[in-house]
Amino acid sequence: MKHLSFPKNFLWGGAIADFQAEGGYTESGRGLVTLDFVTQGTKDEPRKITYMLPDGSKHVSDFRAPLPDGAKGYLDPNYYYPSLNAVDFYHHYKEDIRLMAEMGCTTFRFSICWTRIFPRGDEEIPNEDGLKFYENIVDECLKYGIEPLITICHDEIPVYLADTIHGWLDRKTIDYYLNLCKALFNRLGSKVKYWLTFNEINTLNGYEMFGCTQRDHKVRFIGAHHMFIASALAVKMCHEMIPGAKVGAMFASSPCYPLTCKPEDVFMQLQARRRTWLYADVMMRGYYPGYAETILEYYDAQIPWQDGDKEILKEGTLDFYSFSCYRSTTVNKDSSFKYQGVETLCFDQNPYLPNTNWGWPVDPMSLRYVLNEVYDRYQKPIFIVENGMGEIDIPDENGFVNDTYRIEYLKKHFKEIRKAVCLDHVDVIGYTMWGCIDLVSLGTGEMKKRYGWIYVDMDDLGNGTKRRIPKASYYWMQKFLKSNGEILDQDNDALII
Ligand code: BGP
């Protein structure tokens, strides 16, 4: 049997997003972002958005529902909004990065809160305090030899842009985004090599990016086109301003399998996958794929082309592909349905896989599968930037969590990455586990759904000391990294703390 080893320069680390970790919403002159108005929910109770109409009336509705014309988010004292204080990474970043370094991490992915740099979004001069905050994070990483990986825009926009111009539906947002990029490249360019223009660009569809609008596919493709142009221009700018820098974007890429081998189910799988490829094809290859035309026609959607756009897309292709993959799903020929009036895909469960408490199937091989799918398609380096297990962690009386289930999850997934690298020869740059320090869940707004190697003492409503306590998986990772992955081949190591 061939001995499999991870390459020595493989980057290992964790990932967070500003609105799920930072908090500090009144610090450093930060303005409000769209996700600030989203309340805490649960696995069964969807998150809500609180909004006002122009007549001053106050309303609350499902965060994923379309909002009426003129709706503007507002903070209602009767609700808890987890993003405002999150897990207070804003004040804990030194301790958090030190813990990551002591575990042996060599990379750290975090995102920029746009409104710390431009509180409204349309200013010309960046806010020095906001820039300084992110520079401090970068410096802290570099102090420990940790390679920073920055997501420029993670699922949110400044509220001012949402309220005044519907965010990405207006082409002006491209310029505002490029101002943000310029400020970041200027300030951090000499220190940061890896950048991501957007997070999960293929899933964005609502208030968080487009302000209050109908949530239909027409709207989505207008916004997406503007984001494609913005990303391509950012790639070009980054290459000009930071020689040697690498720019990617992040695509939600958990695979879907056909539920059966019926040809109709298999073809539906191919069509469903195009919900990822359409976005990635434009950004990796520099043009809309042929099949996009049929999809656009089907939804009666129009691309808001302007002169020069085709060249911009061609000249701004991404240097690497990055993705999230937590699970796999299945589709069948009838998987399409309408949710809140919008056609969407219903993913079925997989009878062969176990589920987490949040109903996410655990499928380690899905990682090897995606890595191969992507590499076969684009032949560019790949960075796995989100993967992990969101579970209920129960600390003992000292706050210690013995998360053997997470260790098992990681072990199995890491073995599949190693096979992809060593046997399939996929060029993988690195891996960042999602929510390395426990943070607020995007989907449900809960703290209960924890991903981290590091426990944060805080409940769903923000009560707790926010003390950081390494879990069993932290100590396992420490050993894993020290051995450059060799402990994957030892028996029962998952249970040894
Ligand atoms: C991705 C997002 C992350 C993160 C993750 C886990 O879609 O990029 O921000 O939250 O999903 O999802 P959840 O928080 O709902 O468990």
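Counting begins at 1 with the first residue of the sequence. Reckoned from all heavy atoms, side chains included, excluding hydrogens, waters and symmetry mates. Note that ligands are numbered from 1 as they come in the structure, with each ligand's atoms numbered from 1 the same way. In this text the structure is predicted, and so the values were computed from the model without any measurement.
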Nearest-neighbour protein heavy atom for [atom], which is reported as residue plus atom name and distance:
atom: atom 2 (C) of ligand 1; result: Glu386 OE1, 3.4 Å
atom: atom 6 (C) of ligand 1; result: Tyr451 OH, 3.4 Å
atom: atom 7 (O) of ligand 1; result: Glu200 OE1, 2.7 Å
atom: atom 9 (O) of ligand 1; result: Gln20 OE1, 2.8 Å

May I ask you to check whether [X] and [Y] place their ring centers less than 6.0 Å from one another?
X: Tyr475; Y: Trp453; result: no
X: Phe228; Y: Tyr279; result: yes
X: Phe414; Y: Tyr409; result: no

query = Closer than 4.0 angstrom: is that true for some heavy atom of Trp358 and an atom of ligand 1?
reply =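 No, Trp358 has no heavy atom closer than 4.0 Å to ligand 1.
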request  = Give me the one residue out of Tyr352, Tyr369, Tyr257 that meets side-chain contact (heavy atoms from CB on, under 4.5 Å) with Asp363.
outcome  =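 For Asp363, the side-chain contact (heavy atoms from CB on, under 4.5 Å) test succeeds with only one of Tyr352, Tyr369, Tyr257, which is Tyr257.
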Check ligand 1 against [X] and write out every atom of the ligand that is under 4.0 Å from a heavy-atom position of the residue.
X: Lys449; value: 13 (P), 15 (O), 16 (O)
X: Leu442; value: 2 (C), 9 (O), 10 (O), 13 (P), 14 (O), 15 (O)
X: Ser441; value: 13 (P), 14 (O), 15 (O), 16 (O)
X: Gly443; value: 13 (P), 14 (O), 15 (O)

Within 45° cone and under 6.0 Å: [X] NZ/CZ vs [Y] ring:
X: Arg30; Y: Tyr25; answer: no
X: Arg274; Y: Trp277; answer: no
X: Lys449; Y: Trp360; answer: yes

query = Looking only at non-hydrogen atoms, which of Phe19, Trp360, Tyr326 approaches atom 5 (C) of ligand 1 most closely?
reply = Tyr326
task = Consider every N or O of Asp155 and every N or O of ligand 1, then say whether any pair is closer than 3.5 Å.
result =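 No; every N/O pair is 3.5 Å or more apart.
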task = Apply the test salt bridge (Lys or Arg N to Asp or Glu O under 4.0 Å) to residues Asp96 and Arg468: give CA-CA distance (whole Å), side-chain angles for both, the deciding distance (0.1 Å), then the verdict.
result = CA-CA 8 Å; Asp96 290 344; Arg468 276 51 175 161; 2.8 Å; yes
query = Side chain or backbone of Asn199 under 4.0 Å from ligand 1, or both, or neither, by non-hydrogen atoms?
reply =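 It is the side chain that gets close, since no backbone atom is under 4.0 Å.
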